[in-house]
Amino acid sequence: MQTGYVEGVDSVDDSERVHLEGADRFAAYVLPELDVLGRVALSLTRSAPDAEDLVQETLLRAYRAIDRFDGRYPRAWLLTIMRNAQVNRVRRKRPELLRDPEDAVRTMSDTDGEGSTTEDRVMHGQFDSVVEVAFNELPLKFREVVELVDLNQLSYQEAADVLEVPVGTVMSRLHRGRKRIRDHLGDDHPAARTAATRDQRGREAKAGKAKEGRGKAGKGRARKAKAGDSAHTGSAHAEGRTEGRS
Amino acid sequence: MKRWLTRPDEMSCRQAAKVLQSFLDGELDSDRSSSLEHHLEACRDCGLELETYEEIKAALSRRSFELPPDVMQRLRRFGDEIALGEVEGV
């Protein structure tokens, strides 16, 4: 028995072969995504110990399912596993919260401030602070998408997988969230001035069009009235001619 | 009149504003990307708008947080152990 084992690969039975293949697949598809899993887990839990537990659970689930995984989009697959694991974790901890599964990813705390060092703030000045304040003031549904795409660098599809919403919803929330941040920048930022100028121009153009429209309508009415007068005059002439003939 | 002065593949500022953020995220298809790039070459306002979103994205990514290195090290070890079949219950 021992000799057979030592003699090598031929002695590995089928179940062991499957195990090795699964292990290779795990090493190829899962392990390279560990950094992303760590960041997203921290976004979802807002606590390093909870994030560590969540990543561990995700790794175990991924390993158990690796033979059923088709090898396409491993990150999206892993993020879906992580999201489901988080749903279960929250359900275990706070069952009353989970009538809506989306609540599982809404466990992010409203307060944070991690990751932004004093040095960064000095280097990047006021701008980062304004962005941070604006980001923290975003409604949760916008903030979580901005966080997944801009902080965790997920694609739209990956963020959609984590949140279990359509890609279009991710786009809409992300774009509106960033626009709110931009609107917070105030007049000091060149693009904010440009945007304000553009908005002003837009308002002026609209007002101009409306005025023009009113003008055209007025001219139209005037032309109509004139035409009416001519018609009236014409008919008067005709009447006159008629009268003359009579 | 303006209709005849613009090529069919050219974008207006309004159209550009709709796709600017997808372009920034690398999520815009190549046709619309090149139309937008063409528009940006000539439109200072939209260029500034794109720059602003780039700055916002950069500011947010500077804010990105990671798990502490010792936690990541433990997780890597855990992943390796799973792959080697050394974790019970898998």
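The shown structure was predicted, so the numbers you read here are calculated from the model rather than taken from an experiment. Chain letters run A, B, ... following the sequence lines, proteins first and then strands; every chain starts at 1.
Side-chain contact between Glu66(B) and Leu42(A) is absent, with no heavy atoms from C-beta onward closer than 4.5 Å. Using a 4.5 Å cut-off on side-chain heavy atoms (C-beta onward), Leu60(A) and Phe78(B) make contact. Counting heavy atoms from C-beta on, the side chains of His175(A) and Lys18(B) never come closer than 4.5 Å. The shortest distance between side-chain heavy atoms of Leu185(A) and Ile56(B) falls below 4.5 Å. Side-chain contact between Leu60(B) and Asp128(A): absent, with no pair of heavy atoms (C-beta onward) separated by less than 4.5 Å.
Contact annotation for Phe26(A): only side-chain heavy atoms (C-beta onward) come within less than 4.5 Å of a heavy atom of chain B. Heavy atoms of Leu174(A) lying under 4.5 Å from chain B belong to its backbone as well as its side chain. Proximity to chain B (any heavy atom under 4.5 Å) is shown, for Val30(A), by neither the backbone nor the side chain. Both the backbone and the side chain of Gln21(B) come within less than 4.5 Å of a heavy atom of chain A. Heavy atoms of Leu34(A) lying under 4.5 Å from chain B belong to its backbone as well as its side chain.
Atom CG of Asp150(A) is separated from atom CZ of Arg62(B) by 12.0 Å, given to the nearest 0.5 angstrom.
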Do Gln56(A) and Arg74(B) pass the side chain to side chain contact (heavy atoms under 4.5 Å, CB included) test, and can you show the C-alpha distance, the side-chain angles, and the key distance before you say yes or no?
CA-CA 10 Å; Gln56(A) 285 188 353; Arg74(B) 277 202 299 276; 5.8 Å; no
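Here the shortest heavy-atom pairing between Ser61(B) and Gln153(A) reads CB-NE2, 3.9 Å.
Other residues, nucleotides and ligands contribute at most 12 non-hydrogen atoms within 6.0 Å of the OH atom of Tyr73(A).
Partners of Asp35(A) by salt bridge (charged side-chain N to carboxylate O under 4.0 Å, His left out), not counting sequence neighbours, listed by chain and number: Arg76(B). In this structure, Arg180(A) has no salt bridge (charged side-chain N to carboxylate O under 4.0 Å, His left out) partners at least two apart in sequence or on a different chain.
Highest contact tally toward chain A, considering only Pro68(B), Ala58(B), Gly26(B), Ser22(B), is held by Ser22(B) [criterion: heavy-atom pairs under 4.5 Å].
Look at Arg178(A) and Asp25(B) and you find a salt bridge, because one of the NZ, NE, NH1 or NH2 atoms lies within 4.0 Å of a carboxylate O, short of that distance.
Between the side chain of Glu52(A) and the backbone N or O of Leu75(B), no donor-acceptor pair lies under 3.5 Å.
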